[in-house]
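Structure record follows, encoded as structure tokens.
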2 protein chains.
Amino acid sequence: MAADENPRQATIFDVARLAGVSHQTVSRVLNDLPNVRPSTKARVEEAIKKLRYVPSPAARALVTRRSRTIGLIAAGATEYGPSSAVLYFNSAARDARWSVFTANMVDSDQGSIRGAVEAFLRQNVEGIAVIAAQEVAVDVVAGMELSIPLVVLRAVPRHGLDTVGADQYHGARAAVQHLISLGHSRIGHLAGPSDSVDAQERERGWRDELAAHGLVATTHGIGDWSPAAGYRFGSECELTGLTAIFAANDQMAVGLMHALRERGLAVPQDMSVIGFDDIPEAAHLAPPLTTLRQDFQRLGQDMLTTLLARIDGGPAGSVLTAVPQLIVRSSTTVPGREAPTARRVGDVPASTPRHL
Amino acid sequence: MAADENPRQATIFDVARLAGVSHQTVSRVLNDLPNVRPSTKARVEEAIKKLRYVPSPAARALVTRRSRTIGLIAAGATEYGPSSAVLYFNSAARDARWSVFTANMVDSDQGSIRGAVEAFLRQNVEGIAVIAAQEVAVDVVAGMELSIPLVVLRAVPRHGLDTVGADQYHGARAAVQHLISLGHSRIGHLAGPSDSVDAQERERGWRDELAAHGLVATTHGIGDWSPAAGYRFGSECELTGLTAIFAANDQMAVGLMHALRERGLAVPQDMSVIGFDDIPEAAHLAPPLTTLRQDFQRLGQDMLTTLLARIDGGPAGSVLTAVPQLIVRSSTTVPGREAPTARRVGDVPASTPRHL
DNA sequence: TCGCGAAATGTGATCGATCACATAACGGAA
DNA sequence: TTCCGTTATGTGATCGATCACATTTCGCGA
């Protein structure tokens, strides 16, 4: 592999000279403009190849004020869902020959997010994508009244915003429906943080599906998506009469099952547990976890498509991709035994969600 | 929040006019060059603030051929370890006011990686970082003989390359040492893919620590880091005489324990299992997993520091951060019962690793 | 007051593309 | 052949910074 260490990169003028045309004609070829004789075009393209010429994005950006570059704000990108969406968004962008500046937020306070967006703007990004569980991230970016397109991963359309998202609400209803069809009637819920729209939608789905069957939504907790939060909820919550729990994501379900085990309850015999996301570990937990699978690949790709369409001047719009798919494994079953009795570590009033 | 939609961004000339100086003086203030009177400097800075002026990176990059931009190749970024390193690398870069182009590879074949690097070069990145389990990614990038600094996440220094990594080898030895000190003498290993240096180092640590105690390395498998691979190994491997298994990462340990459970073996009573990484779920598995914790935050930050130092003309070097820390939980214990007998699903010759 | 070197500031070229406009070449009808 | 409207190509300005170099101002000793 000849690593020809050019003294300097070839410029458009070098190409022009070699092809025996003016730099402007080269520019026409580069940008696929009309009115170039095929024979000329061929000569130019050959010169480009011979010199291994690549146009300078800096020079181009300077005059066109376009950069073919996108900014991506990613918060909570160590969790499975968001990080998958980021992966596929990024990959799709590369396929479309766009470059992506990424800002992975370790903490998504207002200042950091604002700073990241400002850095993007300074780099002349042509659009911004936000993949963040926390609604505050969306609020901040939306509040900056950018003059460039913005697309957000979000289960619910929001006025003035392009959104892409999976149907969390009906996914959650499917989860609860599954439990009800097994015969459960008291079904608890461990929700995600209340500043997350996905979490809100899953909780709303839980309530509505219960209501649709004349059941009441009682036991309820709020976690931060982490296994530790699931564990705390599982240790502290009031279980009397409860036969099933719907956890807002798989990671919390892991912690939850751990706590139930410690309280002497068997899953699924004493308590059915259902998660959300279908992380790779889900099939191998003890017991293998029933959950709802989301198509993160599709989400990431749709986000990119939507953003590019908007950059090209297309109309605003919201995409709601398919409903998450129910994957039945072994953590749910019919409510076999009596309502469980277990020593309880903490006590939570049934109707008041408790922050963990 | 006055969203003053300027007709156009202010330029260095606007600032110069307002401050009553030449554009060159403004440039001096911007770049902290000497020979500017403090009073003049103050006037310029005030003008900058008043006009909300930000220098154009495109114009700057065009003339300086510098971009204050880094390219990051990330492969396997849905796994916990790499994605954490990516997160902290990125965050540290933003703190240092550098922008990061990220290329998340969904598959890391030679062509994709080469393409990503070429896109980076086109964008005039000043350095490239590689966070990838697969050694092929490193080979490709290193083989391109770039004229810009390159830093790689890698447990072992490699000639002509700046590397940063945790000491996988001694981490693995600590894992095996832990098992031996509990009384185990036949300790199997489920390694990561053989094209991963981390995997090689962990395996080498396993072998060497056994040898140091006069024990032989027998049962051995090769997985791809996924829970599914752990499960396949656990279902198929020969267990006779074995009392402990060291899995090269936590995710495979999850699958492994699942398979052991299905074969009627209890962890840790019949088989001790130890993992590597300490994923957030580890503490909540059944049983909670003994493992080795890596400091990914430190790794990401060190990578950035090393890369920036090289960009500033510093000498090449390799950083080996601390040895991963042993976290003892409940998946390991003394080898209580007799050597286990279990129905076996498959059969593997003891000395030949089997690809899963 | 003068002179002179250092400090402070200004002027014009430059990076490498596109844009706006001018001009040359072509091709068919009068 | 002449003319004229396309089609093809070329010329010079422009984007917004830095760089190289020229010029002015300042401070201080002779």
Side-chain angles (χ1 to χ4, degrees), chain A residues 6-48 51-69 97 99 121-126, chain B residues 6-48 51-69 97 99 121-126:
Chain A
N6 295 13
R8 200 183 289 169
Q9 262 281 39
T11 76
I12 200 171
F13 290 93
D14 300 322
V15 175
R17 195 175 318 121
L18 182 61
V21 296
S22 76
H23 68 278
Q24 176 61 7
T25 300
V26 177
S27 175
R28 288 196 182 94
V29 172
L30 288 175
N31 298 292
D32 259 326
L33 295 177
N35 300 343
V36 178
R37 201 172 302 168
S39 63
T40 316
K41 181 169 180 174
R43 259 194 356 269
V44 170
E45 278 168 345
E46 196 175 341
I48 289 177
L51 294 174
R52 302 207 184 174
Y53 165 75
V54 223
S56 147
R60 198 172 251 176
L62 182 57
V63 55
T64 60
R65 294 153 191 287
R66 298 201 54 176
S67 59
R68 211 178 170 83
T69 279
R97 321 199 111 260
S99 297
L121 294 178
R122 225 169 290 146
Q123 295 283 358
N124 287 314
V125 299
E126 295 185 47
Chain B
N6 295 12
R8 198 184 289 171
Q9 262 281 37
T11 76
I12 199 171
F13 290 93
D14 300 323
V15 175
R17 194 175 317 120
L18 182 59
V21 296
S22 76
H23 68 277
Q24 177 60 6
T25 300
V26 177
S27 175
R28 288 197 182 93
V29 172
L30 288 176
N31 297 291
D32 257 328
L33 295 177
N35 299 342
V36 178
R37 202 171 302 168
S39 62
T40 316
K41 183 169 179 175
R43 259 196 354 270
V44 170
E45 279 168 345
E46 194 175 341
I48 289 177
L51 294 174
R52 301 205 185 176
Y53 166 74
V54 222
S56 147
R60 197 173 251 178
L62 181 59
V63 55
T64 60
R65 295 155 189 287
R66 298 201 55 178
S67 59
R68 213 179 168 81
T69 278
R97 321 199 111 260
S99 297
L121 294 178
R122 227 168 289 145
Q123 295 282 356
N124 288 313
V125 299
E126 294 185 48

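Proteins get letters first, then strands, A, B, ... in listed order; numbering begins at 1 in each.
- Once rounded to the nearest 0.5 Å, the distance linking CZ of B/Arg97 with CZ of B/Arg68 reads 7.5 Å.
- Residues that satisfy the side-chain hydrogen bond (donor to acceptor under 3.5 Å, both in side chains) test with A/Arg37, not counting sequence neighbours, are absent from this structure.
- Nearest nucleotide to the side chain of B/Ile12, out of D/dG10, D/dA17, C/dT18: D/dA17.
- Applying the salt bridge (Lys or Arg N to Asp or Glu O under 4.0 Å) rule to pairs touching residues 21-33 of chain A yields A/Asp32-A/Lys41, sequence neighbours excluded.
- Side-chain proximity of A/Ser27 to the nucleotides D/dT9, D/dT18, C/dT18 is greatest for C/dT18.
- The separation between A/Asp14 atom CG and C/dC15 atom C1' is 13 Å, rounded to whole Å.
- Taking CG from B/Asn124 and CG from B/Leu62, the interatomic distance works out to 9.0 Å, rounded to the nearest 0.5 Å.
- Atom CG in B/Leu33 sits 8.0 Å away from atom CD in B/Gln24 (nearest 0.5 Å).
- Atom OG of residue B/Ser22 and atom CZ of residue B/Arg17 lie 13.0 Å apart, to the nearest 0.5 angstrom.
- The A/Asn35 side chain lies nearest to D/dT9 when the options are C/dT18, D/dT9, C/dT11.
- Distances from the side chain of A/Val21 to the nucleotides C/dT9, C/dC19, D/dG10 place D/dG10 closest.
- In this structure, B/Leu51 CG and B/Ile12 CD1 are separated by 12.0 Å, a value rounded to the nearest 0.5 Å.
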Do nucleotides 21-26 of chain C as a string where each nucleotide becomes B, S or -: B if the base has a protein heavy atom under 4.0 Å, S if just the sugar-phosphate does, - if no protein is that close.
-----S
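- Residue-to-nucleotide proximity on DNA chain C shows that, of A/Leu30 and B/Ser39, the 5′-proximal contact is made by B/Ser39.
- If you check every strand for non-hydrogen atoms under 4.0 Å, B/Val29 touches nothing.
- Here D/dA17 is the nucleotide among D/dA8, D/dG10, D/dA17 with the atom lying nearest to any side-chain atom of B/Arg60.
- Applying the salt bridge (charged side-chain N to carboxylate O under 4.0 Å, His left out) test to B/Arg122 and every residue at least two apart in sequence or in another chain returns nothing.
- Nearest nucleotide to the side chain of B/His23, out of C/dG10, D/dA17, D/dT18: D/dT18.
- A search for side chain to side chain contact (heavy atoms under 4.5 Å, CB included) contacts involving A/Ile48 returns A/Val15, A/Leu30, A/Val44, A/Tyr53, not counting sequence neighbours.
- For the helix from C/dT1-D/dA30 to C/dA30-D/dT1, the axis fitted to the five pairs at one end and the axis fitted to the five pairs at the other end meet at an angle of 60° (nearest 10 degrees).
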